[in-house]
Structure formats: structure tokens, C-alpha cells
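Throughout, numbering of the chain's residues begins at 1 and tracks the sequence. Just so you know, these numbers use all the heavy atoms, side chains as well, and skip hydrogens, waters and symmetry mates.
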Amino acid sequence: MAVTLPAVVEELLSEMAAAVRDGARISDEHLSSLKFVFGSSAIQALDLVDRESVTLISSPSGRRVYQVVGSSGKTYTCLASCHFCSCPAFAFSVLRKSDSLLCKHLLAIYLSQVMRSCQQLSVSDKQLTDLLLMEKTQEA
């Protein structure tokens with residue numbers, strides 16, 4: 001079951017992706033819309049994209065996870081398919097308080113996809129499993 005973002009966010013990201021495909025810059029209007037919907041997280045996410053902090057890790061089985069190096073230097077594991085991030089802000093602001101749609105790391109993933117600036121890394125299925133298990137062990 002795919003989880004979707006609110007229609008206004010999907011439309012905004014789609015328009016931004018179309019602009020990039022056409023070789024245009026992302027307009028100030030789109031950037032203002034991002035700031036309106038996501039607040040300060042939009043600027044922080046754009047900064048993460050500018051710093052090339054987003055890496056897509058894929059395995060031969062088709063599994064895909066993202067790792068985002070946060071502004072503090074800590075690496076967070078994200079599952080874009082279900083809008084999940086391992087950061088504390090996601091657990092608190094998105095899940096617990098429901099006052100945000102996404103954390104800055106997830107937004108950075110979507111923006112890096114739009115801007116075609118996501119780093120790519122292919123690993124074996126075992127390496128991906130080990131990476132996810134290591135993440136789980138570090139959380140405990």
C-alpha cells in the first residue's frame with residue numbers, strides 16, 4: 001500500500017519536477033509555496049539538498065532506502081515509500097503531535113528527487129539488511 005502526500009504537496013512537487021525537466025529554475029513562487037506549507041523545514045531541507053546530503057541506497061531485490069546526513073552530521077535512515085524517518089523530529093512533530101507533514105530529512109529526499117541531485121549507491125541485499133539492522137541496534 002503506497003502512502004501519498006496531500007494533493008497540494010504532490011502537485012507542488014510535480015510542478016517543480018516539470019520545471020527542472022524543462023531546464024528551468026525552480027521559481028520563487030514554488031519556493032514560497034514550499035515555505036508556506038513546510039515552514040522553516042523547507043529551508044533546512046533545501047540546505048540538505050544543496051549539501052548533497054541525500055543518498056538513495058538500492059539492492060538487487062529492488063529494496064530502496066535513503067540515508068540523509070542531517071545538519072548535525074548524524075545520518076538518518078528514511079523510507080520514502082511510507083514517509084518514515086528515524087530522526088527524533090519525525091517521531092515527535094509528525095507522529096506524536098501531528099503538527100508537521102514531514103521532517104526536513106524526508107522533505108530533502110523529495111526535493112533531491114525533484115532536482116535530480118540524489119546520490120546513488122548500489123549494495124547487495126545482505127549489505128542493505130546489515131545496514132538496517134545496524135540502524136535498529138543503534139536506536140536501542
Side-chain angles (χ1 to χ4, degrees):
M1 174 174 110
V3 179
T4 59
L5 292 169
V8 68
V9 176
E10 293 279 356
E11 180 65 23
L12 176 60
L13 293 173
S14 177
E15 287 177 10
M16 292 170 67
V20 170
R21 269 193 311 275
D22 294 342
R25 290 180 15 157
I26 294 174
S27 71
D28 289 343
E29 181 180 309
H30 286 132
L31 293 174
S32 293
S33 296
L34 268 179
K35 177 89 166 74
F36 178 78
V37 174
F38 294 104
S40 63
S41 292
I43 290 147
Q44 295 167 341
L46 286 165
D47 182 55
L48 291 173
V49 173
D50 284 346
R51 291 191 287 134
E52 299 180 341
S53 298
V54 179
T55 303
L56 168 62
I57 303 172
S58 57
S59 70
S61 65
R63 291 183 176 92
R64 298 162 43 112
V65 299
Y66 290 85
Q67 286 193 326
V68 180
V69 179
S71 51
S72 67
K74 184 167 172 34
T75 300
Y76 298 102
T77 300
C78 303
L79 303 171
S81 60
C82 62
H83 309 302
F84 173 82
C85 181
S86 63
C87 77
F90 179 82
F92 185 73
S93 296
V94 177
L95 295 179
R96 188 166 181 206
K97 289 181 61 184
S98 296
D99 64 359
S100 296
L101 293 171
L102 304 169
C103 66
K104 66 182 177 183
H105 309 107
L106 282 170
L107 183 55
I109 289 169
Y110 297 121
L111 292 173
S112 71
Q113 291 170 341
V114 162
M115 296 176 192
R116 300 177 178 181
S117 64
C118 188
Q119 307 297 313
Q120 307 250 348
L121 177 65
S122 294
V123 298
S124 70
D125 288 320
K126 169 120 176 55
Q127 288 172 310
L128 185 56
T129 300
D130 291 346
L131 181 135
L132 292 170
L133 288 173
M134 183 175 60
E135 174 79 24
K136 186 65 179 164
T137 303
Q138 290 174 351
E139 287 176 9

Checking Leu131 against Gln67 for the side-chain contact (heavy atoms from CB on, under 4.5 Å) test, could you report, in this order, the C-alpha distance in whole Å, the side-chain angles of both residues, the deciding distance, and whether it holds?
CA-CA 10 Å; Leu131 181 135; Gln67 286 193 326; 3.6 Å; yes
Run the side-chain contact (heavy atoms from CB on, under 4.5 Å) check on Val114 and Val49 step by step: do they pass?
CA-CA 10 Å; Val114 162; Val49 173; over 6 Å; no
One should read off an interatomic distance between Tyr110 OH and Leu5 CG, to the nearest 0.5 angstrom, of 5.0 Å
Answer yes if Tyr76 and Leu48 sit in the same cluster of Ile, Leu, Val, Met, Phe, Trp and Tyr residues linked by side chain heavy atoms under 4.5 Å apart, and no otherwise.
no
Pro6 versus Leu101, closest heavy-atom pair with distance:
CG-CD2, 3.8 Å
Okay, side chain of Ser124, backbone of Gln127: is any donor-acceptor separation there less than 3.5 Å?
yes
Using atom types as modelled and distance alone, determine if a side-chain donor or acceptor of Ser86 lies under 3.5 Å from a backbone N or O of Thr77.
yes
When you look at Ser71 and Lys104, which way does the side-chain contact (heavy atoms from CB on, under 4.5 Å) test go after all the steps?
CA-CA 10 Å; Ser71 51; Lys104 66 182 177 183; 3.0 Å; yes
Which heavy-atom pair separates Thr75 from Val69 by the least distance, and what is that distance?
OG1-CG2, 3.8 Å
Hey, quick one: are Phe36 and Ile26 part of the same hydrophobic cluster, counting side-chain heavy atoms closer than 4.5 Å, chains of contacts allowed?
yes
Grab the two heavy atoms, one from Val20 and one from Arg116, that are nearest each other, plus how far apart they are.
CG1-CD, 4.4 Å
Hey, could you give me the CG/CZ distance between Leu106 and Phe38, rounded to the nearest 0.5 Å?
9.5 Å
Does anything in residues 19-38 form a salt bridge (Lys or Arg N to Asp or Glu O under 4.0 Å)? List the pairs, not counting sequence neighbours.
none
Checking Asp47 now: which residues fulfil salt bridge (Lys or Arg N to Asp or Glu O under 4.0 Å) with it, not counting sequence neighbours?
Arg51
Residues forming a side chain to side chain donor-acceptor pair (under 3.5 Å) with Ser14, sequence neighbours excluded:
none
Evaluate the side-chain proximity of Cys118 to Ile109: yes if any heavy-atom separation is below 4.5 Å, no if none is.
no
For Leu111 and Ala45, the nearest pair of non-hydrogen atoms, with its separation, is CD1-CB, 4.0 Å
Scan Gln119, His105, Gln113 and name whichever one has a side chain to side chain donor-acceptor pair (under 3.5 Å) with Tyr66.
Gln113
If you round to the nearest 0.5 Å, how far is OG of Ser41 from CG of Leu46?
10.5 Å
Spacing of CZ belonging to Phe92 relative to CG belonging to Asp99, to within rounding of 0.5 Å:
7.5 Å
Nearest 0.5 Å, what's the SG-CG distance between Cys85 and Leu107?
11.5 Å
Spacing of Leu56 atom CG and Arg64 atom CZ [to the nearest 0.5 Å]:
4.5 Å
Could you walk me through whether Met16 and Leu12 pass side-chain contact (heavy atoms from CB on, under 4.5 Å), step by step?
CA-CA 6 Å; Met16 292 170 67; Leu12 176 60; 4.0 Å; yes
Ser93 side chain vs Phe90 backbone, donor-acceptor pair below 3.5 Å
no
